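The structure appears below as structure tokens.
Only a predicted model underlies this, so the values are computations on that prediction, with no experimental measurement involved.
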Amino acid sequence: MDLVGLLKSQFLCHLVFCYVFIASGLIVNAIQLCTLVLWPINKQLFRKINGRLCYCVSSQLVMLLEWWSGTECTIYTDPRSSLHYGKENAIVVLNHKFEIDFLCGWSLAERLGILGNSKVLAKKELAYVPIIGWMWYFVEMIFCTRKWEQDRQTVAKSLLHLRDYPENYLFLIHCEGTRFTEKKHQISMQVAQAKGLPSLKHHLLPRTKGFAITVKCLRDVVPAVYDCTLNFRNNENPTLLGVLNGKKYHADCYVRRIPMEDIPEDEDKCSAWLHKLYQEKDAFQEEYYRTGVFPETPWVPPRRPWALVNWLFWASLLLYPLFQFLVSMVSSGSSVTLASLVLIFCMASMGVRWMIGVTEIDKGSAYGNIDNKQKQTD
């Protein structure tokens, strides 16, 4: 390992990133809370401000991926379709197999200049997570309970609020509902067999109702669906911990722009269309494993400097007072003070590990496991 690689793997560096992220995130959350007074006065101004505040937080994770680990992402797409990217609203259908697939989606949004306004259909529990969850609340993310009887009305109502959103956005939806694991795949294919649906080799059976209601509510304001199929070269198994350690990954993503008018309006036909889409995604993955490339023309959107600039701003603002505080504690010589300092570092260590653990596949959602088998309905 070279000197730079050794430096990137040091826990002290990880603590610095964690401290800057948590401190800046809580500051952003506090500012977002103050912006609530704008909602009844000027809703669109509230949305634009919170989009910028959201960027202050989410771009820090993109900075880790692009600038710290140096991960590269190549887009395979039709050059004619790429002219639309970043210039229109879109629903993004992304496979859910890797711990950092969401981060690759954010990286694409950042390079297209619309990271701050990116949306996602996420489980409701995330709304209560400090920093990310609270931030998402203020940028009108769509939260669901994964119980269709409860979500039917609430999700539709939230989606309709996005119809007058003032800036372009990407709305990300993982139709599989949970990350791919061999256990979940086995159960999912049992459900597919019971319903007479074709088997999938590299994906879980998509849950169609969330997608159908998203298309129905946003049809007139979202001109296209982006079908994204992500994979990593040389059988890489990327993790957030690997990114934090500065490990470089090589992502390939096949993006197809599908005009909204090509998607059926009828719910049953829309569901059948989505199942067919996942059969095609499965075929693309199979071809990738065989050849190492996706169809269409490779394209690497240029990396923008703003994620790095944003992190450097927060680091310069927050690290100096922290350094002064630590120096004063150490110079005091008090055993109680030093013990408190050790306790703070231990708590910080646990905090870093907890944040990483949230993304780990083996600690992911139980949604789709055997205990939930009877609940897997479209």
Using 30° and 60° as the class limits, which term best fits the ring planes of Phe143 and Trp136: parallel, tilted or perpendicular?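 Taking Trp136 first and then Phe143, their aromatic rings sit tilted (interplane angle of 30° to 60°).
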Under 6.0 Å between the ring centres of Trp68 and Phe17?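 Yes.
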Please tell me whether Tyr85 and Tyr226 form a close aromatic pair, meaning their ring centres lie under 6.0 Å apart.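 So the answer is yes for these two rings.
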Taking every non-hydrogen atom, the tightest pair across [X] and [Y]:
{"X": "Met260", "Y": "Val225", "result": "CE-CG2, 4.2 Å"}
{"X": "Gln44", "Y": "Pro166", "result": "OE1-CD, 3.3 Å"}
{"X": "Ile131", "Y": "Gly25", "result": "CG2-CA, 3.7 Å"}
{"X": "Val222", "Y": "Ala90", "result": "CG1-CA, 3.6 Å"}
{"X": "Ile27", "Y": "Leu318", "result": "CD1-CD2, 4.0 Å"}
{"X": "Leu204", "Y": "Leu200", "result": "O-CD1, 3.5 Å"}

Within the 4.5 Å heavy-atom criterion, are [X] and [Y] side-chain neighbours or not?
{"X": "Ile213", "Y": "Val215", "value": "no"}
{"X": "Leu126", "Y": "Ile132", "value": "no"}
{"X": "Leu162", "Y": "Tyr169", "value": "yes"}
{"X": "Cys270", "Y": "Ile263", "value": "yes"}
{"X": "Ser199", "Y": "Met189", "value": "yes"}
{"X": "Tyr19", "Y": "Leu322", "value": "yes"}
{"X": "Gln186", "Y": "Gln190", "value": "yes"}
{"X": "Leu172", "Y": "Leu94", "value": "yes"}

N/O donor-acceptor pair under 3.5 Å between [X] side chain and [Y] backbone:
{"X": "Asp78", "Y": "Arg80", "value": "yes"}
{"X": "Asp282", "Y": "Tyr278", "value": "no"}
{"X": "His202", "Y": "Phe284", "value": "no"}
{"X": "Ser188", "Y": "Lys184", "value": "no"}
{"X": "Arg256", "Y": "Thr77", "value": "no"}
{"X": "Asp151", "Y": "Thr145", "value": "yes"}
{"X": "Thr71", "Y": "Tyr249", "value": "yes"}
{"X": "Gln60", "Y": "Cys56", "value": "yes"}
{"X": "Asp266", "Y": "Asp268", "value": "yes"}
{"X": "Asn50", "Y": "Phe46", "value": "yes"}

Quick one, Glu140 with Lys119, criterion salt bridge (charged side-chain N to carboxylate O under 4.0 Å, His left out). Give me CA distance, side-chain angles, the key distance, then yes/no. CA-CA 8 Å; Glu140 301 171 78; Lys119 314 296 179 187; 5.3 Å; no
Could you tell me whether [X] and [Y] make a salt bridge, using a distance below 4.0 angstrom between a side-chain N and a carboxylate O?
{"X": "Arg207", "Y": "Glu176", "value": "no"}
{"X": "Arg290", "Y": "Glu286", "value": "no"}
{"X": "Asp164", "Y": "Lys43", "value": "yes"}

side-chain hydrogen bond (donor to acceptor under 3.5 Å, both in side chains) between Thr229 and Lys281, worked out: CA-CA 7 Å; Thr229 304; Lys281 290 170 75 70; 3.1 Å; yes
Less than 3.5 Å apart, any donor N or O on the side chain of [X] or [Y] sitting next to an acceptor on the other?
{"X": "Gln324", "Y": "Tyr320", "value": "yes"}
{"X": "His203", "Y": "Asn95", "value": "no"}
{"X": "Trp306", "Y": "Asn310", "value": "no"}

Report the C-alpha separation of Leu241 and Lys247 in whole Å, then their side-chain angles, then the decisive distance to 0.1 Å, and conclude whether the side-chain contact (heavy atoms from CB on, under 4.5 Å) test is met. CA-CA 9 Å; Leu241 182 59; Lys247 185 174 181 179; over 6 Å; no
Please test Arg47 against Phe138 for side-chain contact (heavy atoms from CB on, under 4.5 Å), starting from the C-alpha separation and ending with a verdict. CA-CA 8 Å; Arg47 286 168 155 174; Phe138 286 98; over 6 Å; no
What donor-acceptor contacts under 3.5 angstrom involve side-chain atoms of residues 105-118, with partners at least two apart or in another chain?
from, atom 1, to, atom 2, distance (Å)
Ser107, OG, Glu66, OE2, 2.6
Glu110, OE1, Tyr55, OH, 3.0
Glu110, OE1, Arg304, NH2, 3.4
Glu110, OE2, Tyr55, OH, 3.3
Glu110, OE2, Arg304, NE, 3.2
Arg111, NE, Glu66, OE2, 2.9
Arg111, NH1, Pro301, O, 2.7
Asn117, OD1, Tyr165, OH, 3.2
Asn117, ND2, Glu167, OE1, 3.2
Ser118, OG, Ile114, O, 3.1
Ser118, OG, Leu115, O, 3.4

Arg233/Thr74 under side-chain hydrogen bond (donor to acceptor under 3.5 Å, both in side chains): CA gap, chis, key distance, verdict: CA-CA 11 Å; Arg233 298 176 193 171; Thr74 301; 3.2 Å; yes
side-chain contact (heavy atoms from CB on, under 4.5 Å) between Leu274 and Ser271, worked out: CA-CA 5 Å; Leu274 185 64; Ser271 297; 5.8 Å; no
ILVMFWY cluster, [X] and [Y] together (side-chain gap under 4.5 Å):
{"X": "Phe232", "Y": "Tyr289", "answer": "no"}
{"X": "Leu160", "Y": "Met141", "answer": "no"}
{"X": "Phe294", "Y": "Ile75", "answer": "no"}
{"X": "Val293", "Y": "Val255", "answer": "no"}

Regarding Lys97 and the six-membered ring of Phe180, is the cationic atom NZ or CZ under 6.0 Å from the ring centre and inside 45° of its axis?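 Yes, Lys97 lies over the aromatic ring of Phe180.
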Approximate separation, where rounding is to 0.5 Å, of Leu121 CG and Ile173 CD1: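 If we round to the nearest 0.5 Å, Leu121:CG and Ile173:CD1 are 5.0 Å apart.
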ring-ring contact (aromatic ring centres under 6.0 Å, His included) evaluation trace for Tyr254 with Tyr76: CA-CA 5 Å; Tyr254 179 39; Tyr76 290 80; 7.7 Å; no
Among Val57, Leu33, Asn29, whose side chain to side chain contact (heavy atoms under 4.5 Å, CB included) with Trp134 holds?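 Answer to the side chain to side chain contact (heavy atoms under 4.5 Å, CB included) test with Trp134 among Val57, Leu33, Asn29: Asn29.
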Suppose the criterion is salt bridge (Lys or Arg N to Asp or Glu O under 4.0 Å): which pairs have a residue in residues 84-95, not counting sequence neighbours?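 Matches after skipping sequence neighbours: Glu88-Arg257.
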Using a cut-off of 6.0 Å, state whether more than 12 heavy atoms not belonging to Asp262 lie near its atom CG.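 Result for CG/Asp262: enclosed.
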Assess the residue pair Trp273 and Ile258 against the criterion (side-chain contact (heavy atoms from CB on, under 4.5 Å)); give the C-alpha distance rounded to whole Å, side-chain angles, the decisive distance to 0.1 Å, and a yes or no. CA-CA 12 Å; Trp273 181 91; Ile258 304 171; 3.9 Å; yes
